[in-house]
Asker: 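Okay, here's the structure, questions in a sec.
Both counts, for ligands and for their atoms, begin at 1 and track the order of listing.
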Amino acid sequence: MNTKIIKVDPIKPDRMSVAEAAKIIQMGGIVAFPTETVYGLGADAFNEAATNKIFEAKGRPIDNPLIVHLSGADHLKLVSTINQEIINVARKVWPGPVTLILPRAQGLPGTVTAGLKTVAVRVPAHPVALALIELSGTPIAAPSANLAGKPSPTTAKHVIDDLQDRVDVVLDAGETFFGVESTIVNITVNPPVLLRPGALGIEELEPIIGEITVPKEAHGYSESGVAIAPGMKYRHYAPAKRVVLTGGRDIYLEILKKSINFGKPAAICSEEMKPAVDNLGIRNIIIGSESDLYTVARGLFPSLRMLDEIDADFGVAQPFNENGIGLAIMNRLRKASGHIVINSPEELPRALDRLC
Ligand code: TXA
Ligand code: MG
């Protein structure tokens with residue numbers, strides 16, 4: 001198929017342009033669209049054949065369910081069985097980068113929920129996403145619009161690089177706002193459980209919805225155990241090249257310096273670290289500023305994609321503070337590095353020899 005790219009303003013999208021994409025959703029096609037987190041690849045959540053196309057286009061395993069996107073909490077009853085408590089939480093967190101795991105309503109195709117009794121739902125805080133859902137007149141099921149296993153797309157170019165000719169339309173509204181995906185919380189259990197750290201930090205979420213259990217896996221530590229969300233068991237957020245993650249900011253430069261014995265490294269580091277990396281004569285990819293983790297979140301996936309484009313054999317990433325959005329950043333970096341975090345140059349062979 002020929003992918004049509006439609007440019008729209010991120011804040012005041014032209015309704016006619018978005019309506020063209022909405023028509024494609026109504027006809028059972030698939031549309032990549034911006035959200036405040038990352039680009040999503042959407043289909044009518046109630047059209048099973050259309051949702052199947054998403055899995056095909058991405059190469060996504062069919063046991064990995066999709067997030068259903070609504071234009072407002074009012075539409076919740078279409079996709080979930082609800083009670084007052086759920087409505088109260090939904091009204092507090094939406095629109096925004098929070099996905100709630102809820103009891104699913106009858107009628108949703110099994111492709112969307114992967115046969116689970118629950119459904120993941122959110123109302124995105126992005127004018128283009130909201131207009132698209134509204135004009136389509138149906139909830140939109142959408143995973144991130146990348147090839148399965150790749151870093152999520154934060155620009156239309158990333159989407160096109162991965163999915164050219166596999167999707168009907170790409171709504172191009174420039175860069176997304178946060179750069180990492182939504183925070184996923186299961187509120188069918190008490191206390192709620194964090195399934196994936198995301199753009200909204202748990203420090204910000206707990207005052208709104210109360211205590212949240214944070215399992216070890218949410219940090220992105222080893223996947224040896226049972227996956228907490230179906231999608232968590234797959235290799236994720238990984239560029240084709242290997243990424244080595246170091247345990248401490250202090251030993252980062254020491255490890256980076258020794259890494260030149262193993263090939264051509266690229267330093268994936270902060271602005272603050274750049275002068276020291278330049279002193280070592282090692283090429284760098286600046287991910288953002290340590291003084292503002294939101295810049296790091298926005299730079300994260302583009303940096304991982306950049307690694308594949310430059311003349312380097314592998315990346316060496318520094319760790320970041322895990323407060324707020326930092327937990328999501330470190331979760332993605334741990335996954336991108338295959339969960340191997342090293343604390344001394346002696347461990348470099350172990351981190352670099354692994355299969356990728
Ligand atoms: O920010 C986001 O969440 C983006 C934008 C497009 O909304 N979407 C996104 O979707 O990141 P995706 O498919 O890449 O990640 C959704 C995750 C997967 O790990 C999936 O397994 C999990 O949500 N999930 C979906 N339904 C679930 C359910 N019923 N129970 C537990 N986990 C679920
Ligand atoms: Mg994804």
Asker: Looking at Gln164, I'd like to know if its CD atom is crowded, meaning that more than 12 non-hydrogen atoms belonging to other residues, nucleotides or ligands lie closer than 6.0 Å.
Answerer: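 Check passes, neighbour count above 12.
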
Asker: Within less than 4.0 angstrom of ligand 1, does Thr113 place any heavy atom?
Answerer: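 No.
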
Asker: Any atoms of ligand 1 less than 4.0 Å from a non-hydrogen atom of Arg60? List them with their elements.
Answerer: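 By the 4.0 Å cutoff, the relevant atoms are 13 (O).
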
Asker: Please determine whether any non-hydrogen atom of Arg104 lies less than 4.0 Å from an atom of ligand 1.
Answerer: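 The answer is no: ligand 1 sits nowhere under 4.0 Å from a heavy atom of Arg104.
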
Asker: Regarding Asn146, does it place an N, O or S atom less than 2.8 Å from the Mg ion (ligand 2)?
Answerer: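 So Asn146 does not count as coordinating the Mg ion (ligand 2).
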
Asker: Under 6.0 Å between ring centres: does that hold for His158 and Tyr39?
Answerer: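 Between Tyr39 and His158, which both carry aromatic rings, the centre distance is not below 6.0 Å.
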
Asker: Going by the atom numbers of ligand 1, which of them fall below 4.0 Å from some non-hydrogen atom of Leu195?
Answerer: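 Selected atoms, number and element: 31 (C).
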
Asker: Considering Ile101, Val193, Leu102, which one's heavy-atom position lies nearest to atom 30 (N) of ligand 1?
Answerer: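 Comparing heavy atoms across Ile101, Val193, Leu102, the nearest one to atom 30 (N) of ligand 1 lies in Ile101.
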
Asker: Verify side chain to side chain donor-acceptor pair (under 3.5 Å) between Glu272 and Ser289, making sure each step is shown before the conclusion.
Answerer: CA-CA 7 Å; Glu272 288 84 351; Ser289 165; 2.8 Å; yes

Asker: Kindly give the heavy-atom pair with the smallest separation between Val180 and Val38, and that separation in Å.
Answerer: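 Here Val180 and Val38 meet closest at C-CG1, 4.0 Å.
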
Asker: Within the 4.0 Å heavy-atom shell around Thr118, which atoms of ligand 1 are there?
Answerer: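 Near Thr118, meaning under 4.0 Å from one of its heavy atoms, ligand 1 has 28 (C), 29 (N), 30 (N).
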
Asker: Counting both backbone and side chain atoms, is some N or O of Lys58 under 3.5 Å from an N or O of ligand 1?
Answerer: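 There is no such contact.
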
Asker: Using a 3.5 Å cut-off on N or O atoms only, is Ser182 in polar contact with ligand 1?
Answerer: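 Yes; at least one N/O pair falls below 3.5 Å.
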
Asker: Report, in ascending order of atom number, the atoms of ligand 1 lying under 4.0 Å from any heavy atom of Pro65.
Answerer: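 This gives 20 (C), 21 (O), 24 (N), 25 (C), 26 (N), 27 (C), 33 (C) as the contact atoms.
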
Asker: What pair of heavy atoms forms the shortest contact from Ala32 to Leu41, and how long is it?
Answerer: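 The pair with the smallest heavy-atom distance is N-CD1, 4.0 Å.
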
Asker: Any chance CE of Met306 has more than 12 other-residue heavy atoms, nucleotides or ligands included, within less than 6.0 Å?
Answerer: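 No, not enclosed.
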
Asker: What do you reckon, does Glu36 put a non-hydrogen atom under 4.0 Å from ligand 1?
Answerer: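 No heavy atom of Glu36 comes that close to ligand 1.
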
Asker: Any atoms of ligand 1 less than 4.0 Å from a non-hydrogen atom of His69? List them with their elements.
Answerer: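 Contacts of ligand 1 toward His69, numbered from 1: 5 (C), 6 (C), 7 (O).
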
Asker: Could you list the atoms of ligand 1 found under 4.0 angstrom from a heavy atom of Ile67?
Answerer: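 Contacts of ligand 1 toward Ile67, numbered from 1: 3 (O), 8 (N), 9 (C), 10 (O), 16 (C).
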
Asker: Could you list the atoms of ligand 1 found under 4.0 angstrom from a heavy atom of Ile184?
Answerer: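 Selected atoms, number and element: 17 (C), 23 (O).
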
Asker: Can you see which heavy atom on Ala317 is nearest to which on Val243, and at what distance?
Answerer: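 In terms of heavy atoms, the two residues are closest at CB-CG1, 4.2 Å.
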
Asker: What are the two closest heavy atoms between Leu78 and Pro139, and how far apart are they?
Answerer: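 Minimum heavy-atom separation between Leu78 and Pro139: CD1-CG, 4.0 Å.
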
Asker: Regarding atom 4 (C) of ligand 1: of the candidates Val180, Val38, Leu41, Ile140, which has the closest heavy atom?
Answerer: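 The option holding the nearest heavy atom is Val38.
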
Asker: Students often mix this up, so state it plainly: with edges at 30° and 60°, are the rings of Phe177 and His126 parallel, tilted or perpendicular?
Answerer: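 Aromatic pair Phe177/His126 classed parallel.
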
Asker: Look only at the side chain of Asn331 and the backbone of Pro197, and say whether a donor-acceptor pair between them is shorter than 3.5 Å.
Answerer: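 Side chain of Asn331 to backbone of Pro197, a donor-acceptor pair under 3.5 Å: no, none is there.
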
Asker: Please list, in number order, the atoms of ligand 1 under 4.0 Å from a heavy atom of Leu116.
Answerer: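 Reading through ligand 1 atom by atom, the close ones are 28 (C), 29 (N), 30 (N).
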
